[in-house]
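We number each residue from 1, following the sequence as shown.
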Amino acid sequence: RREFIGDAFCGFGALALASLDAQAAAKNPLAAKAPHAAAKAKSVIFLYMDGAPSGHDLFDWKPKMQEYFDKDLPESIRNGQRLTTMTSGQSRFPIAPTVFKFAQHGQSGAWISEILPWTAKMADDLTLIKSMHTEAINHEPAITFIQTGSMIAGKPCTGSWAAYGLGSMNKDLPSFVVLNANHTHPKANVQAISAKLWSAGFLSAQYAGVALRSGGDPVLYINNPDGVDGKTRRRMLDSLGELNQMTYDKLGDAETKARIEQYEMAFRMQTSVPDLTDLSKEPESTYKLYGEAARKPGTFANQALMARRLAERGVRFIQLYMRGWDVHNDVPEILPAQCKDVDQALYGLVQDLKSRGMLDETVVIWGGEFGRTIYSQGKLTKDVYGRDHHPRCFSLWAAGGGFKPGVVWGETDDFSYNIVKDGVHVHDLNATILHLMGVEHTRLTFRYQGRDFRLTDIHGNVVKNLLA
């Protein structure tokens, strides 16, 4: 009887809370909303390695491949799988073993490459997934797929779904912020990224990501023009808001309401963004942790530090892009440079969050859109090889926010070409991220053109074995 009465009161409380959420959302769509269930994570930092890092050379060590140098990939392994047009015309598919040394690290025994020494130090903080897979074999659809759950552009991205489902924790900053880091190697092949990747799609524009620039004004056109002071800008926005409100009252267009809120957010960001981007108060210990590169705007280390500062201020979803990982050639030269750009800062970010008591409530994800082939694209020597795209398996790691630390999940075959145990699809990853934020991915929907859409479409399962 006590349990029944207790459950009943909880149920009434949930209904009352849902009613209050609905009232708040009607006034401000970005007002904080109650999750479907208790959330482990408040924020997500997705460190997106655009171009797709090579798992063979970083996490998925296959020592047997040393014996297969320059031997053809067996057809029984490839089994007629699709190839890109960049290698489909090759007469051979010669095996290219990694040139890098591997060692086991931490209690988990994770095999990690010598070109990620700082990452290796935090092996027991990581959930290393070696059995990710996707359908897309080319960059554009693959990037769009992992970001939005669809290979066709125009759908909301993960950060927008999170903002739509949970609202904002800071009225002075966007709920979803995008950062872009520079790479240093001049020969690194870069893939184009554009605002469609942080678009709100058919959701209200309020839920779109706001990109912060690392040079000049962090947000374009946010500062007052010459001759316009704060009081003048405030009067202008009040008058404009009244006109927009009249339009909204007449037409009921949600985008008009969104425009009003965006103007107000921009006004508040005139104060909050300068405070966010001012690193002068960061202690010297910060730069020892992230590396000296963190002092230079636009570096990965600098942007990783900015990601921590955003999470610290209650930004719900932070997407940090780093290009240059598309290693179709010269892997032994380019990949170490890419890793050097990010490695210490990755360690610094995770340890910084941990020392501040934030890691338990912040999900950190590191990875790209697909994997790379074990066979070489183009010229193959002992010291020179390239790798083509491979969607059937790739590696990705997560830390914090309810992911189980010190876990190595999934297995691939000896050629790292096919998954043989515990595969994790892109939809499963997104379902798991939402779950840790307290959101049931099958319930977070939006009706558009007569259909209820969701991030995971009609797919996806929470990978409960990855949860703490």
(request) Give a yes or no answer on whether the side chain of Ser160 reaches the backbone of Pro156 with a donor-acceptor pair at less than 3.5 Å. (result) no
(request) With sequence neighbours left out, write down each residue that passes ring pair (Phe, Tyr, Trp, His ring centres under 6.0 Å) with Tyr290, or none if nothing qualifies. (result) none
(message) Do the side chains of Lys354 and Asp352 get close enough for a salt bridge, i.e. N-O under 4.0 angstrom?
(response) no
(request) Rounded to the nearest 0.5 Å, what's the gap from CG on Leu429 to NE2 on His133? Could you check? (result) 11.0 Å
(message) Could you check whether any side-chain N or O of Thr373 sits under 3.5 Å from a backbone N or O of Asp388, counting only pairs where one atom can act as donor and the other as acceptor?
(response) yes
(message) Here's one to test your reading of the geometry: is the NZ or CZ of Arg451 within 45 degrees of the ring axis of Phe453 and under 6.0 Å from its centre?
(response) yes
(request) Taking all heavy atoms of Pro35 and all of Gly438, pick out the closest pair and write down the distance. (result) CB-O, 3.3 Å
(request) Anything under 30° is parallel, anything over 60° is perpendicular, the rest tilted; go ahead and classify Tyr321 against Tyr48. (result) perpendicular
(request) Go through the structure and list residues passing side-chain hydrogen bond (donor to acceptor under 3.5 Å, both in side chains) with Asn138, not counting sequence neighbours. (result) none
(message) If the threshold is 4.0 Å, N to carboxylate O, is there a salt bridge linking Asp50 and Arg323?
(response) no
(message) Quick check: do Thr277 and Val273 have side-chain heavy atoms less than 4.5 Å from each other?
(response) yes
(request) Only counting residues at least two apart or in another chain, list the ones meeting side-chain hydrogen bond (donor to acceptor under 3.5 Å, both in side chains) with Asn418. (result) Gln81, Asp413
(message) Quick check: do Thr134 and Ile146 have side-chain heavy atoms less than 4.5 Å from each other?
(response) no
(request) Classify the angle between the aromatic ring planes of His139 and Phe370 as parallel (below 30°), tilted (30 to 60°) or perpendicular (above 60°). (result) tilted
(request) Decide yes or no on side chain to side chain donor-acceptor pair (under 3.5 Å) for His441 and Thr456, but give the supporting numbers first. (result) CA-CA 7 Å; His441 71 105; Thr456 52; 2.7 Å; yes
(message) Please tell me whether Asn244 and Thr256 have a donor and an acceptor in their side chains that are separated by less than 3.5 angstrom.
(response) no
(message) Check this for me: does any side-chain nitrogen of one of Glu135 and Arg82 sit under 4.0 Å from a carboxylate oxygen of the other?
(response) no
(request) Inspect the contact between Arg387 and Asp57 and indicate whether a charged nitrogen and a carboxylate oxygen are less than 4.0 angstrom apart. (result) yes
(request) Applying side chain to side chain donor-acceptor pair (under 3.5 Å), run through Asp125 and Gln351 and close with a yes or a no. (result) CA-CA 9 Å; Asp125 292 321; Gln351 304 312 308; 3.0 Å; yes
(request) Of all the heavy-atom pairs spanning Gly402 and Lys40, show the shortest one and how long it is. (result) CA-CB, 4.1 Å
(message) I'd like to know if Glu333 pairs up with Lys187 as an ion pair, taking the criterion as any Lys NZ or Arg NE/NH1/NH2 lying under 4.0 Å from an Asp or Glu carboxylate oxygen.
(response) yes
(request) For Lys464 and Thr432, test the side chains for any donor-to-acceptor distance below 3.5 angstrom and give the result as yes or no. (result) no
(request) Could you list the residues that satisfy side-chain hydrogen bond (donor to acceptor under 3.5 Å, both in side chains) with Asn189, not counting sequence neighbours? (result) Asp326
(message) Check the orientation of Phe202 and Phe446. Use parallel for under 30°, tilted for 30 to 60°, and perpendicular for over 60°.
(response) parallel
(message) Just so I know, are the side chains of Trp61 and Lys130 near enough to count as touching, which here means a heavy-atom distance under 4.5 Å?
(response) no
(message) Would you say NZ of Lys42 has more than 12 non-hydrogen atoms from neighbouring residues, nucleotides or ligands within 6.0 angstrom?
(response) no
(request) Would you check if Leu444 and Arg454 make a side-chain contact, meaning some heavy-atom pair closer than 4.5 Å? (result) no
(request) Determine whether Arg372 and His328 make a side-chain contact, defined as any pair of heavy atoms from C-beta on separated by less than 4.5 Å. (result) yes
(message) Quick check: closest heavy atoms across Ala200 and Ala205, and the distance to 0.1 Å?
(response) CB-CA, 4.4 Å
(message) I need the minimum non-hydrogen distance between Glu282 and Arg356, along with the two atoms involved.
(response) OE1-NH2, 4.2 Å
(message) So which atom in Trp397 and which in Leu126 form the shortest heavy-atom distance, rounded to 0.1 Å?
(response) CE3-CD2, 3.6 Å
(message) Check whether Phe93 forms a cation-pi arrangement with Arg78 (NZ or CZ under 6.0 Å from the six-membered ring centre, at most 45° off the ring normal).
(response) yes
(request) Would you indicate whether the side-chain heavy atoms of Leu466 and Ile129 approach each other to under 4.5 Å? (result) yes
Throw together a table of side-chain donor-acceptor distances under 3.5 angstrom for residues 165-179, partners on residues two or more places apart or in other chains.
{"unit_1": "Ser168", "atom_1": "OG", "unit_2": "Asn170", "atom_2": "N", "d": "3.1"}
{"unit_1": "Ser168", "atom_1": "OG", "unit_2": "Asn170", "atom_2": "O", "d": "2.9"}
{"unit_1": "Asn170", "atom_1": "OD1", "unit_2": "Asp172", "atom_2": "N", "d": "2.8"}
{"unit_1": "Asn170", "atom_1": "ND2", "unit_2": "Arg313", "atom_2": "O", "d": "2.8"}
{"unit_1": "Asp172", "atom_1": "OD1", "unit_2": "Arg268", "atom_2": "NE", "d": "3.4"}
{"unit_1": "Ser175", "atom_1": "OG", "unit_2": "Gly167", "atom_2": "O", "d": "3.1"}

(request) With rounding to the nearest 0.5 Å, note down the distance linking CD in Glu369 to CD in Glu140. (result) 10.0 Å
(request) May I ask you to test the Trp111-Val408 pair for a side-chain heavy-atom distance under 4.5 Å? (result) no
(request) Kindly write out the residues that satisfy side-chain hydrogen bond (donor to acceptor under 3.5 Å, both in side chains) with Asn79, not counting sequence neighbours, or none if the list is empty. (result) none
(message) When you measure from the side chain of Thr362 to the backbone of Leu359, do you find a donor-acceptor pair of N or O atoms at a distance under 3.5 Å?
(response) no
(request) Would you give the length of the straight line joining atom CG of Asn302 to atom CD of Glu292, rounded to the nearest 0.5 angstrom? (result) 12.0 Å
(message) Side chains of Asp330 and Leu335, heavy atoms from C-beta outward: is any pair under 4.5 Å?
(response) no
(request) May I ask you to check whether over 12 heavy atoms, not counting those of Lys421, lie within 6.0 Å of atom NZ? (result) no
(request) Give a yes or no on this: more than 12 heavy atoms of other residues, nucleotides or ligands lie within 6.0 Å of atom CG of Asp124. (result) yes
(request) Show the numbers, then the answer: is there a side chain to side chain donor-acceptor pair (under 3.5 Å) between Thr119 and Asp343? (result) CA-CA 6 Å; Thr119 301; Asp343 189 35; 2.6 Å; yes
(message) Tell me if the CD1 atom of Ile152 is crowded by more than 12 foreign heavy atoms within 6.0 Å.
(response) no
(request) Considering non-hydrogen atoms only, spot the tightest contact between Cys393 and Thr412 and give its length. (result) CB-CG2, 3.8 Å
(request) May I have the step-by-step check of side chain to side chain donor-acceptor pair (under 3.5 Å) for Ser416 and Asp60, ending in yes or no? (result) CA-CA 7 Å; Ser416 193; Asp60 201 11; 2.6 Å; yes
(message) Between His425 and Phe145 (judged by ring centroids, cut-off 6.0 Å), do the two rings come close enough to count as a pair?
(response) yes
